[in-house]
Amino acid sequence: MMNKIWLSSPHLSGHEQKYVQEAFATNWVAPLGPNINGFEEDLCSYVGVAHATALSSGTAALHLALVMLGVGAGDVVLCQSFTFAASANPIVYLGGTPVFVDSETHTWNLCPDALETAIKDQKRQGKQIKAVIAVHLYGMPAQLHEILDICNRYDIALIEDAAEALGSTYAGKKLGSFGKLNVLSFNGNKIITTSGGGALLSDDEQFIQKSKFLATQARDDAPHYQHSEIGYNYRLSNICAGIGRGQMEVIEERVAQRRANFDYYVKALSFIEGISFQPEAAGSFSNRWLSCIIINPLQTGGITRENVRLALAAKNIEARPLWKPMHLQPVFEKASFYGQNVAENLFDHGLCLPSGSNLTSTELEQIVEVIQGCFQ
Ligand SMILES: *Cc1c(COP(=O)(O)O)cnc(C)c1O
């Protein structure tokens, strides 16, 4: 059996240990310290935002974003349906109501028309809409111009879930700099990792100060332990932040390698009738976190996504269906949904191919050979 080829595995630079050792040598083995400050500065200058809070996960960052926007019992948060469950779960942590919105075919992300329909209908029902969560799936920028225009017209805060999109740009600006509050993830499978971690970004200093306060148990300024608000234990450790600093030294190389993987797949597979790729619109630049293909069985003589996935699995190559939309998840079966079947179709026919920046050219050749073999 060949060694397993993973979908997206951590890719260390060799610079991480320098920061981690520094943390040990100076005894900053705590959820505060110079690596945390340094990592936050790295993120701010790279993304082009004024302020950042390093946190224990992207999910924690989304949770705090919703806390600070005042989401509470009965409030509606509009969320892209086509995403990972972590985009939507924090709405429920706060007793809010997730309302899901379909994607469009140009970016696979939040459909502006369906979003506006959802806002109008929820308002007509007398609902308080506290936020819109737009996701940049697989690194691809959502239609931010249209989405921000709608959010501004209805005076609703935009949260960018840029967990998959560090290094991507829209209209020349990095993702993670467009929303009122923006979320990154550094989980092990993301484009860079801290082994587990996340960040909240904003140009609003008060939000970021408040998020640091909430993330460290909401301790009031007193010599004893005093609390006037409910807090959380959500800070990143100074050790993990050291890994993040080493990773930020190579972020541009990681983006370039992921994009090269994508280009390789396009060259090798786009001649096959019935295979298509996630489009990149003019003015958008995706980090191509994952390379995804759509397999249309009506054009492939009946060969499906599952045929290809299982052929890859038989060779110990990990590939996965695209995210299953939230409105189709058992846990959200009672939630409202606005849109058609765009996300559902993508889920039915889409496959994420191995996309790590550490894939070797031999591995890429093996993957492509198996896929080509399905169509002979
Ligand atoms: C990974 C991911 C998250 C959650 O990040 P964690 O750091 O794993 O908590 C949220 N949203 C999307 C779209 C993600 O891919």
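Source: prediction; values computed, not measured. Just so you know, residue 1 is the first one in the sequence shown, and it goes up from there. Numbering of ligands and ligand atoms starts at 1, following listing order. Just so you know, these numbers use all the heavy atoms, side chains as well, and skip hydrogens, waters and symmetry mates.
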Self-check item: Listed partners of Tyr19 passing side chain to side chain contact (heavy atoms under 4.5 Å, CB included), at least two apart
Solution: Asn35, Arg245, Glu249
Quiz prompt | Pocket residues of ligand 1, ordered first by chain and then by residue number (heavy-atom cut-off under 4.0 Å) | solution = Ser57, Gly58, Thr59, Thr83, Phe84, Ala86, Ser87, Val135, Asp161, Ala163, Glu164, Ser185, Asn187, Lys190, Gly197
Practice problem: Kindly confirm or rule out a cation-pi arrangement of Arg288 over Phe277, judged by NZ or CZ under 6.0 Å from the six-membered ring centre and within 45° of its axis? | Solution: no
Self-check item: Set of residues satisfying side chain to side chain contact (heavy atoms under 4.5 Å, CB included) with respect to Glu40, sequence neighbours excluded
Solution: Ile36, Asn37, Ala52, Thr53, Ala54, Lys212, Arg235
Quiz item: Do other residues, nucleotides or ligands put more than 12 heavy atoms under 6.0 Å from the OH atom of Tyr154?
Solution: yes
Practice problem: Mind checking side chain to side chain contact (heavy atoms under 4.5 Å, CB included) for Tyr225 and listing every partner two or more places apart, or none if nothing turns up? | Solution: Arg219, His227
Self-check item: Asp155, CG: over 12 other non-hydrogen atoms inside 6.0 angstrom
Solution: no
